[in-house]
Every structure is written in structure tokens, then in C-alpha cells.
Amino acid sequence: MRDVTATELQGMIDRGEAIVVDVREPDEFAGGHIPGAINLPLSRFDPAALPDPGSRTLVLNCAGGKRSAMALDRCAVAEAAVDTHLAGGFGAWRQAGLPVAQEG
């Protein structure tokens, strides 16, 4: 499992090197998320539903890091090539003062 910090992830996004998959529930996601993130809630998370990242890195995130780690475990069992998540989750992203997208 590989952790990236919020500022590392922002750099990856800026360089077009990352696809962010948010595993929080839809109501949490709607309340604020990393711009461009895809919502695949842990409650129905299926590694087969992950987008093909091509040459980019799939980076999972949740509120604090626990659910994204659980999703990474599911990816490992399914032999999906995903091993990276945001250390500290969306809380760390907000704390770093990085951009937040909201729906509605």
C-alpha cells in the first residue's frame, strides 16, 4: 500500500498523472470532494468497476484513510493493480487548503 499526501496528490492531478476514486458514500461526496474525483462508495465497492487509468495512477480516498485502505484490500484480493490512497483522506485535503468541489 502506498500513501500519498494531499500536496503530492494535487501535483499528480495537476500533471495529469492521477485519477481519484472517492469511496465515501454519495451524501458525503456531494458535500465536498476533490475536483474531478469519481464516487464509488465502499458499501458497494467493486474493483472491477474501477476506471482504466491508462498510464495514470488510481488514487483512492475517503474521509480519513480507513475506508480507502479497506477498498485497497479488496483490490488486492481481486488482483486489481491499485495500491495508492490519500494519507489522511479528504480531511487532510481540506486541511491543506486544496480545492473542493461540491454538488448541488
Side-chain angles (χ1 to χ4, degrees):
M1 190 181 313
R2 181 173 156 235
D3 292 345
V4 294
T5 66
T7 51
E8 286 172 332
L9 179 54
Q10 180 65 64
M12 292 170 71
I13 292 167
D14 289 346
R15 293 186 302 274
E17 297 173 354
I19 296 175
V20 179
V21 176
D22 191 318
V23 300
R24 295 176 301 153
E25 294 305 306
D27 60 325
E28 295 174 278
F29 184 80
H33 56 270
I34 296 170
I38 299 163
N39 188 215
L40 292 176
L42 183 63
S43 60
R44 54 184 183 269
F45 184 81
D46 179 1
L50 290 166
D52 179 356
S55 62
R56 296 174 289 178
T57 301
L58 280 174
V59 180
L60 305 184
N61 86 281
C62 62
K66 184 175 181 179
R67 285 178 285 178
S68 57
M70 292 168 64
L72 285 177
D73 288 343
R74 292 187 194 179
C75 289
V77 168
E79 298 182 1
V82 182
D83 66 355
T84 307
H85 77 137
L86 174 58
F90 187 65
W93 182 269
R94 275 196 192 271
Q95 193 168 23
L98 295 166
V100 173
Q102 290 185 314
E103 295 178 10

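Take F45 and apply the ring-ring contact (aromatic ring centres under 6.0 Å, His included) test, not counting sequence neighbours, and it matches no residue.
Put simply, V20 and F90 are part of the same group of oily side chains (I, L, V, M, F, W, Y) that touch within less than 4.5 Å, one to the next. One hydrophobic cluster holds both M12 and V100 under the rule that ILVMFWY side chains link at heavy-atom gaps under 4.5 Å. Hydrophobic clustering (ILVMFWY, side-chain heavy atoms < 4.5 Å, transitive): L72 and L42 are in one cluster. Taking hydrophobic clusters as Ile, Leu, Val, Met, Phe, Trp and Tyr residues chained together by side-chain heavy-atom distances below 4.5 Å, M70 shares a cluster with I38. Placement of I13 and L98 within a single hydrophobic cluster is found when ILVMFWY residues are connected by side-chain heavy-atom separations under 4.5 Å, directly or transitively.
With 3.5 Å as the limit, one finds no donor-acceptor pair spanning the side chains of H85 and N61.
Pairing each heavy atom of P99 with each of P35, the nearest pair is O-CD, 3.2 Å. The two atoms that bring R24 and A63 nearest to each other are CD-N, 3.4 Å, heavy atoms only. Between R94 and G31, the shortest heavy-atom distance links the atoms NH2-O, 3.6 Å. For the pair I19 and P51, the tightest heavy-atom approach, listed with the atom from each and the gap, is CG2-CG, 4.2 Å. The nearest pair of heavy atoms linking V59 to V4 is CG1-CG2, 4.0 Å. Between L60 and A71, the closest heavy-atom pair is CD1-CB, 3.7 Å.
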>> Apply side chain to side chain contact (heavy atoms under 4.5 Å, CB included) to residues C75 and L50 and explain how you reach the verdict.
In response: CA-CA 10 Å; C75 289; L50 290 166; 3.8 Å; yes

> D22 and E28: side chain to side chain contact (heavy atoms under 4.5 Å, CB included), yes or no, with the steps?
Replying inline: CA-CA 10 Å; D22 191 318; E28 295 174 278; over 6 Å; no

>> H33 vs N39, test: side chain to side chain contact (heavy atoms under 4.5 Å, CB included). Steps then yes/no.
In response: CA-CA 9 Å; H33 56 270; N39 188 215; over 6 Å; no

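For E8 and R2, the salt-bridge test fails: no basic side-chain N is under 4.0 Å from an acidic carboxylate O.
Contact of the T84 side chain with the L58 side chain is not registered, since no non-hydrogen atoms from C-beta on lie closer than 4.5 Å. Within the 4.5 Å cutoff, the side chain of L86 has heavy atoms near those of the I34 side chain.
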